[in-house]
Q: 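To start, I am sharing the structure in question, which I have written as structure tokens.
Please read these numbers as outputs of a predicted model, since none were measured by experiment. These values consider heavy atoms only, across backbone and side chains, with no hydrogens, waters or symmetry-generated copies. Numbering of ligands and ligand atoms starts at 1, following listing order.
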Amino acid sequence: MLRKLRLATRSLAAVWAMAGAAILGDAQAPVRQIPVPLPPMGWSSWNSFSNTVTAQIVMDQAKALSTSGLQKAGYEYVNIDEGWWLGRRDKDGNIVVNDNQWPPVGLNDKPGDMTSIVNFIHNLGLKAGIYTDAGMDGCSMTPDLGAPFRDVGSEGHYEQDFTQFARWGFDYVKVDWCGGDKENLDPAVQYAEIARAVAHAEKATGRRLYFSICNWGKQSPWTWAPHVGEAAADIWRTSGDIVEPIVAGNIHSDRKASYEKMLANFDQGIHPEAQHTGAYNDLDMMVIGMPGLTDKQNRVHMSLWAIAGSPLIVGADLTKLTPATLEMLTNAEVLAIDQDGAGLQAVKIAEPDKGVQIWSKPLARPGGRAVLLLNRTDADRDMTVRGSEIGLADQGRMQARDVWSKSDLGTFDKSFAVHVKGGDAVLLVVNGANVPPVQFKPEGVGPGKPLCHGCDYRFSKAGAHAEWARIRITYVNPDRAPRFAELRVNEQTGARIAFPSTGAGSGTVIVQAHFDKQGATNVLSFSPSRDAMPAITAIDVE
Ligand code: GLA
């Protein structure tokens with residue numbers, strides 16, 4: 001252990017020397033922004049098929065995803081949710097599935113072998129997702145349809161089950177919390193253990209498993225779920241289901257999704273300090289294309305998920321989408337906001353009257369913002385976007401574009417106003433000049449001063465122009481895998497940040513933090529999270 005630490009210290013010292021030279025050599029050279037994993041896009045079986053899911057349904061949906069234009073737009077995951085497994089294991093504890101539900105799909109396939117459906121999905125150029133529970137029993141104990149089933153959770157079998165999923169070829173796993181909740185388990189502890197079991201499965205099989213946490217916002221997952229268990233990327237649900245399943249031709253088929261519940265899920269999903277470097281608040285599967293919302297409301301729904309940078313998982317039956325719905329789900333300019341490379345979430349920057357809200361999501365392009373004008377009242381409103389409020393320089397000119405109507409609104413100084421109908425929203429991309437950031441170097445470390453593995457990096461005089469600061473972190477991580485650090489602002493609980501490999505050079509990632517003190521008096525610290533820290537050479541605060 002000591003040797004490992006010494007080696008890590010030595011390699012960090014070398015890294016520091018490299019990074020210091022690069023930064024001192026050319027202080028103005030832009031440092032490369034390191035790409036972070038983006039929010040996943042795809043489809044899930046739950047909302048429209050509940051636990052009636054079968055191989056035939058999954059094949060039909062995968063084909064529809066592929067032929068409808070959704071795949072081309074970026075939707076890639078075909079996720080099999082609850083109901084695929086009824087709690088049977090063999091004498092060695094391996095999951096056994098029902099042969100009739102999962103018959104062979106390919107000519108030489110065997111019944112009851114999930115590899116068969118995975119291959120079908122992969123052959124369309126798509127990725128496959130699977131589902132389990134963190135506890136012993138899953139949500140099947142209180143099924144929406146059909147009889148209850150015990151023991152459909154993975155507790156006691158984490159490594160075995162996740163390795164099995166990866167061997168079958170799955171690319172994504174959603175882990176629910178019905179069993180964990182029933183047993184009063186601690187989700188922060190449990191999901192960290194699960195993340196390590198996922199990492200074990202990845203190592204054993206060489207297959208990457210995307211990690212989706214589903215505990216409905218219980219025990220504030222945004223405080224512990226980002227990169228939990230050193231996951232390179234993950235998502236966590238922040239609220240309950242928008243809608244109970246609506247399965248055509250079955251009981252409850254008259255259910256409808258509610259606009260108010262969709263808005264409530266948006267509100268509960270806003271935790272910008274936790275969303276960065278590949279970790280995302282998950283607002284739930286979208287209900288666009290399901291019974292309930294009007295076209296206008298669906299467009300607002302899509303705008304909210306995009307500005308929040310939420311995973312975009314469609315819950316509707318893909319074989320029945322109308323052309324209008326498909327157009328909405330595949331609008332490239334809207335999707336680009338969700339999938340922006342900085343991986344950040346919107347913050348609310350103004351609410352001049354109750355329900356009249358302006359949201360701004362910083363984009364990776366310098367001076368780029370997505371801006372949502374959300375009118376939750378019944379009356380039409382003129383809403384004013386001020387450059388200074390979205391962090392753009394006062395003197396600079398701003399260009400604004402409406403991404404739904406695909407029209408340029410023009411070039412403006414300082415501010416512009418937009419008419420927003422009652423119960424509607426306007427989604428814009430605004431480009432201007434960023435307010436110049438202030439750069440800080442870490443205190444107590446640097447060339448000539450020893451770099452201490454395991455020490456905090458501290459910046460004690462940070463200020464920003466607004467409550468929400470954007471912090472661009474310049475760092476070096478020569479490893480192939482990400483390194484991690486905990487960020488604390490004014491000694492408050494921090495967020496775990498991932499620092500992907502920078503290779504031989506240095507790079508930046510960007511996070512948002514809430515500065516609760518005015519002026520240059522906020523104290524930031526980055527502490528090691530379990531293992532080696534990246535070498536942090538500077539932060540730029542806007
Ligand atoms: C929970 C989840 C849903 C779905 C169901 C399955 O309610 O939040 O998304 O997975 O379980 O039973």
Q: Among all protein heavy atoms in this structure, tell me which lies nearest to atom 5 (C) of ligand 1, with the distance rounded to 0.1 Å.
A: Trp46 CE2, 3.5 Å
Q: Would you call Asp267 and Lys348 a salt bridge, taking side-chain N to carboxylate O under 4.0 Å as the test?
A: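 Here Asp267 does not pair with Lys348 in a salt bridge, since their nearest N and O are not under 4.0 Å apart.
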Q: May I ask you to list the atoms of ligand 1 that are less than 4.0 angstrom from any heavy atom of Lys174?
A: 3 (C), 4 (C), 9 (O), 10 (O)
Q: Distance under 4.0 Å to a non-hydrogen atom of Cys214: what atoms of ligand 1 satisfy this?
A: 2 (C), 8 (O)
Q: Can you tell me which residue among His200, Glu193, Arg196 is in a side chain to side chain contact (heavy atoms under 4.5 Å, CB included) with Tyr158?
A: Glu193
Q: Identify, by atom number and element, the atoms of ligand 1 in contact range of Met285, meaning under 4.0 Å from any of its heavy atoms.
A: 9 (O)
Q: Say whether Asp176, considering both its backbone and side-chain N or O atoms, lies within less than 3.5 Å of an N or O atom on ligand 1.
A: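 Yes, Asp176 has an N/O under 3.5 Å of an N/O on ligand 1.
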Q: Is there at least one pair of N or O atoms, one from Asp241 and one from ligand 1, spaced under 3.5 Å apart?
A: yes
Q: Less than 6.0 angstrom separating the ring centers of Phe266 and Trp359, yes or no?
A: yes
Q: For Cys139, counting its heavy atoms only, list the atoms of ligand 1 lying under 4.0 Å from any of them.
A: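 Counting atoms of ligand 1 from 1, those under 4.0 Å from Cys139 are 11 (O), 12 (O).
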Q: Which atoms of ligand 1 sit under 4.0 Å from any heavy atom of Trp216?
A: 1 (C), 2 (C), 8 (O)
Q: If we ignore hydrogens and angles and just use 3.5 Å, is the side chain of Glu183 paired with the main-chain N or O of Met136 as donor and acceptor?
A: yes
Q: Cut-off 3.5 Å, side chains only: do Asn51 and Glu82 have a donor facing an acceptor?
A: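 No - no donor-acceptor pair under 3.5 Å links their side chains.
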Q: Checking ring pair (Phe, Tyr, Trp, His ring centres under 6.0 Å) against Tyr210, which of Phe165, Tyr172, Phe170 comes through?
A: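 With Tyr210 as partner, Phe165, Tyr172, Phe170 yield a single ring pair (Phe, Tyr, Trp, His ring centres under 6.0 Å), made by Tyr172.
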Q: Does Ser310 reach the main-chain N or O of Leu283 with its side chain, forming a donor-acceptor pair under 3.5 Å?
A: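 Yes.
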Q: Number the atoms of ligand 1 from 1 as they appear, then name those within less than 4.0 Å of a heavy atom of Glu82, with their elements.
A: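 In order of number, 6 (C), 12 (O).
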Q: Select one of side chain, backbone, both or neither to describe which atoms of Pro143 lie under 4.0 Å from any atom of ligand 1, heavy atoms only.
A: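 For Pro143, there is no contact with ligand 1 at all, from either part.
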Q: Atoms of ligand 1 less than 4.0 Å from Asp81 heavy atoms?
A: 4 (C), 6 (C), 10 (O)
Q: Taking only heavy atoms of Arg237, which atoms of ligand 1 are found under 4.0 Å from at least one of them?
A: 8 (O), 9 (O)
